[in-house]
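Beneath this line is the structure, given in structure tokens, with notes to follow.
Both counts, for ligands and for their atoms, begin at 1 and track the order of listing. Reckoned from all heavy atoms, side chains included, excluding hydrogens, waters and symmetry mates. Just so it is clear, the model here is predicted, and its values are computed rather than measured.
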Amino acid sequence: MQPVAIIGGGPAGTAAALAALSEGRPVRLFEKTAFPRHKVCGEFLSPEVETVFQRLGVLDVFEAAKPAPIRRAVLHLGGREKRWLLDPPGRGLSRHALDWALLRAAAARGAEVVRESRTPEPESGPVVLACGRRHSAPRGDRLFGFKAHFDGLSDDSVELFFFPGCYVGVSPVEDGKTNVCGLAPEITLAARGFSIDEVLDSQPALQERLKPLRRRMEWLLTAPVLPDRRFAPPAGETCYRAGDALAFVDPFTGSGMLSALLTGRAAGQAAARGLGITEYLDGCARVLSRQYRLAAFLRGVLGSGLTPYALEWIPGRLLFHATRPRLPAG
Ligand SMILES: Cc1cc2nc3c(=O)[nH]c(=O)nc-3n(C[C@H](O)[C@H](O)[C@H](O)COP(=O)(O)OP(=O)(O)OC[C@H]3O[C@@H](n4cnc5c(N)ncnc54)[C@H](O)[C@@H]3O)c2cc1C
């Protein structure tokens, strides 16, 4: 039986591998980077990931990595704050730990992991494209992502600080560490010589939040970040796109990994069963499109000066729920 080829070993690629293996198909997974590795990400896992890990048969692997519980959410909008409880809680786990644990689990179940940068080959059997988001964007007003881990007292909240054109998230991960991750326009970063510390110090509320913490690693920067979706297949598409390679939701929603796991699992099943690409993509659109529409709307609101007033009347729990993908049954 021809193996399912999977390009990319992030959450989407490993979910696809685990799903295809449980359908009885052999899997060959190509990953260009040596794991474990750090990755720019808020590392906030939406509560629904536990159900997805259970369906993939790796909930024990996830729990063994000791993700931090995240029970409270706080939005800092200019001078105002919006707080609510997360029930069930979210979880915080570094990509260093998560991606490595999932890749090892896929290998332990029989996936052949090949350390290679790969492009899809025509006529080579089913291919899942899980290689992450596109990196190209016009110079000038590009958004860059950044992240570092900090030591010091950690708590159980995810806090998001919004300021012109930027947001920064602060939340716990495993082993008492705190992750600080954000997005900022090129122009803001360039004005401060790409010093992330200076950008963060310029915001009093953020400066106060980070005061008791000590940075334990260099800042990581990531290439331009732009929301993107490809639910309509380009002519001649033969791959099952999953995760960010299919659709990249604005990261402030903290739901990109959940979407990647869901579409990765669906892609692995579809590739193993020989489902048509259009049928597969229709299923993905049903799961993701509400979340994408709302995230795009909120991004527009956040970009306007009306943010604090516009968001004040929306209950936090509703805001949170509406920016998650729909969990398909079974
Ligand atoms: C600033 C920022 C903050 C974020 N915060 C959060 C958050 O808090 N919570 C959340 O849920 N989501 C968050 N996200 C989104 C989340 O990071 C992504 O949705 C998630 O990583 C998508 O997983 P993926 O497997 O599709 O892609 P990736 O995680 O990008 O994995 C793709 C993999 O493919 C490999 N690869 C690429 N090309 C090739 C090739 N040609 N051959 C072989 N291998 C290849 C790469 O090395 C990589 O390991 C954030 C994103 C950004 C930018």
Within ligand 1, which atoms have a heavy atom of Phe30 less than 4.0 Å away? 43 (C), 44 (N)

Region of Ile7 engaging ligand 1 - heavy atom pairs below 4.0 Å: side chain

Measure the distance from atom 25 (O) of ligand 1 to every protein heavy atom, then report the residue, atom name and distance (to 0.1 Å) of the closest one. Ala12 N, 3.0 Å

Going by the 4.0 angstrom heavy-atom rule, the piece of Ala130 near ligand 1 is backbone

Nearest non-hydrogen protein atom to atom 45 (C) of ligand 1, with distance, is Lys32 CG, 3.7 Å

Pair Asp87 + Arg317: basic N to acidic O under 4.0 Å: no

Closest to atom 50 (C) of ligand 1 among protein heavy atoms sits Pro251 CB, 3.7 Å

Arg91/Glu63 ion pair, N-O < 4.0 Å: yes

Protein contact of atom 28 (P) of ligand 1 - nearest heavy atom, named by residue and atom, plus distance: Lys39 CE, 3.7 Å

List the closest protein heavy-atom neighbour of atom 16 (C) of ligand 1: residue, atom name, distance to the nearest 0.1 Å. Arg95 NH1, 4.0 Å

Counting only nitrogen or oxygen atoms and a 3.5 angstrom limit, does Thr222 reach ligand 1? no

Heavy-atom contacts with Gly243 under 4.0 Å: which atoms of ligand 1 show up? List them by number with element. 26 (O)

Option nearest atom 35 (C) of ligand 1 (shortest heavy-atom distance, choices Arg133, Glu43, Glu31): Glu31

Close N or O approach (Phe44, ligand 1; < 3.5 Å): yes

Within the 4.0 Å heavy-atom cut-off, what Pro11 brings close to ligand 1 is both

Is Gly256 in polar range of ligand 1, meaning some N or O pair under 3.5 Å apart? yes

What distance separates Phe44 CZ from Thr253 OG1, expressed to the nearest 0.5 Å? 9.5 Å

Which protein non-hydrogen atom lies closest to atom 11 (O) of ligand 1, naming both residue and atom, and how far is it? Met257 N, 2.8 Å

Residue, atom name and distance, where the atom is the protein heavy atom closest to atom 42 (N) of ligand 1: Arg118 N, 2.9 Å

Answer yes if the ring centres of His149 and His96 are under 6.0 angstrom apart, and no otherwise. no

Tell me whether Gly42 has any N or O atom under 3.5 angstrom from an N or O of ligand 1. yes

Atom 38 (N) of ligand 1: which of Cys131, Cys41, Gly8, Ser117 has the nearest heavy atom? Cys131

So between Ala245, Gly10, Gly132, whose heavy atom ends up nearest atom 27 (O) of ligand 1? Gly132

Need the ligand 1 atom indices (1-based, order shown) with element for anything under 4.0 Å from a heavy-atom of Cys181. 1 (C), 3 (C)

Here the side chain to side chain donor-acceptor pair (under 3.5 Å) pairs for residues 18-29, sequence neighbours left out, are Glu23-Arg273, Arg28-Glu112

Ligand 1 atoms nearer than 4.0 angstrom to some heavy atom of Glu116 are 42 (N), 43 (C)

Distance from atom 19 (O) of ligand 1 to nearest protein heavy atom, with residue and atom: Asp244 OD1, 2.8 Å

